[in-house]
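Worksheet: one structure, shown below.
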Amino acid sequence: MGKVFGIDYVVANVSKMHGGAQKVVYKIDCTNRFSCILYVWDLTMNFFQEEIANEAITDRSYGSDLFEMNNRYLREHGIQTPALYDLNKERSRYNFDYALVEYVNGHKAEVYFHHSDTTVQDRLFERVGHMLTGMHANERHSYGKPNQVGNHSGSCHLLQLENAKVQLSYASNHIESIKKNECRLLEKLHELESRIKPRSRYGFIHGELGPDHILVTDQLEPYLIDIEGAEFFDIEHEHSFLELRFGEFYRYLKNDNLDHNRMLFYRFHHHIALTSGGLKLLHRGFPDQLFAKGLADYHYRRTLQFIEG
């Protein structure tokens, strides 16, 4: 803290925050009442180490370099996300990267699902909808990270087709009803994919945007967090996830110009991936085991609904 901010910034307290499954998050409070966030990208504390080890370099969604790049891109394009104060990638003292980031004092957007004042809800979620519309309006002809211009000119949904197959295989090893119906589920996956027509415009998306990835200030200003996976992609991938995570509040975020076939395909993909993701958290000792079990149970049932009746 002294190196980055000066000798007046003396640490008074460090508290671990309830974080996700990929990086460790701490809040640092100083004696001069300044606070900031410490992000630590320590792979040994990541619940998806195996998947990261097997990822292609172009398909990564974990790492300080992606955070740095996407932080810069979002802020340059007027999308609010906490400022990056300092990023240390030297690994001379520690074998991981870490960053000091702006502390945004507020609550996650999910808290406002239960707010008693509907006018507050209206104001906030309309702002979130406006922010997303602006972010998705940043377009280009190839999908991928901001620094991968022209690298990908094919159909990005094929990446999710292959991912769904891998995640379905994992789920079938642990859920009997998935194993029993694996062939039918694969047939449905290919059927939905076959309806998708090529396109050549991709919008900039967050990649995993739930209400827990939006911080809201007391002035109802939304800030995006956990931005490592942001990239140019089909915006239907984002909207089908928003639909799942925001429930009735998705009405504030809707886009009337989405491709119906892509939405259906990505919905199916999300249910399969979240089934597998919940199982992996369950098997790998994620602290909130009740959450992990609930995630897997809910989404495997939603997955099976695609082949019922």
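Only a predicted model underlies this, so the values are computations on that prediction, with no experimental measurement involved.
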Using atom types as modelled and distance alone, determine if a side-chain donor or acceptor of [X] lies under 3.5 Å from a backbone N or O of [Y].
X      : Y      : result
Asn138 : Met135 : yes
Thr217 : Gln219 : yes
Gln80  : Pro222 : yes
Thr275 : His299 : yes

Mind checking whether [X] and [Y] have parallel, tilted or perpendicular rings, split at 30° and 60°?
X      : Y      : value
Phe246 : Phe113 : perpendicular
Tyr143 : Phe233 : perpendicular
Trp41  : Phe67  : tilted
His283 : Tyr170 : tilted

Compute both the distance and the angle, then confirm whether Arg251 meets the cation-pi test with Phe249: under 6.0 Å from the six-membered ring centre, within 45 degrees of the axis. yes
Do you know which two heavy atoms are closest between [X] and [Y], and how far apart they sit?
X      : Y      : answer
Glu208 : Glu238 : N-OE1, 4.1 Å
Ser177 : Tyr300 : OG-CE1, 3.3 Å
Lys145 : Gly229 : NZ-O, 3.9 Å
Val216 : Ala109 : CG2-CA, 3.9 Å
Gly210 : Phe241 : N-CE2, 3.9 Å
Asn32  : Asp8   : ND2-O, 3.3 Å

Are [X] and [Y] close enough that some pair of their side-chain heavy atoms sits under 4.5 Å apart?
X      : Y      : answer
Leu38  : Val25  : no
Ile178 : Leu304 : yes
Met1   : Ile28  : yes

Within a 6.0 Å radius of atom [atom1] on [X], are there more than 12 heavy atoms belonging to other residues, nucleotides or ligands?
X      : atom1 : value
Lys188 : NZ    : yes
His190 : NE2   : yes
Arg33  : CZ    : no
His130 : NE2   : no

Please confirm whether the ring centroid of Phe204 lies under 6.0 Å from the ring centroid of Tyr73. yes
Taking atom types as modelled, is there a side-chain donor on Asp122 or Tyr252 under 3.5 Å from an acceptor on the other? yes
Do we see a donor-acceptor contact under 3.5 Å between the side chains of Arg302 and Tyr298? yes
Ile37 and Lys27: side-chain contact (heavy atoms from CB on, under 4.5 Å), yes or no, with the steps? CA-CA 5 Å; Ile37 296 297; Lys27 183 185 176 211; 4.1 Å; yes
Going by the ring pair (Phe, Tyr, Trp, His ring centres under 6.0 Å) test, name the single residue among His136, His260, His206 that passes it with His239. His136
[X] and side-chain hydrogen bond (donor to acceptor under 3.5 Å, both in side chains): which partner among [options]?
X      : options                : value
Asp97  : Lys23, Lys89, Arg91    : Arg91
Ser276 : His174, His271, Gln167 : Gln167
Gln160 : His270, His269, Glu193 : His269

Lys/Arg N to Asp/Glu carboxylate O, [X] vs [Y], below 4.0 Å:
X      : Y      : answer
Arg123 : Glu126 : no
Arg195 : Glu191 : yes
Asp234 : Arg199 : yes
Asp212 : Arg245 : yes
Glu162 : Lys165 : yes

Within this structure, what is the CG-CD distance for the pair Asn147 and Glu231, rounded to the nearest 0.5 Å? 11.0 Å
Could you state the interatomic distance from CD (Gln121) to OG (Ser116), rounded to the nearest 0.5 Å? 8.5 Å
Between His115 and Leu124, is a side-chain contact (heavy atoms from CB on, under 4.5 Å) present by the stated rule, with each step listed? CA-CA 11 Å; His115 201 283; Leu124 169 61; over 6 Å; no
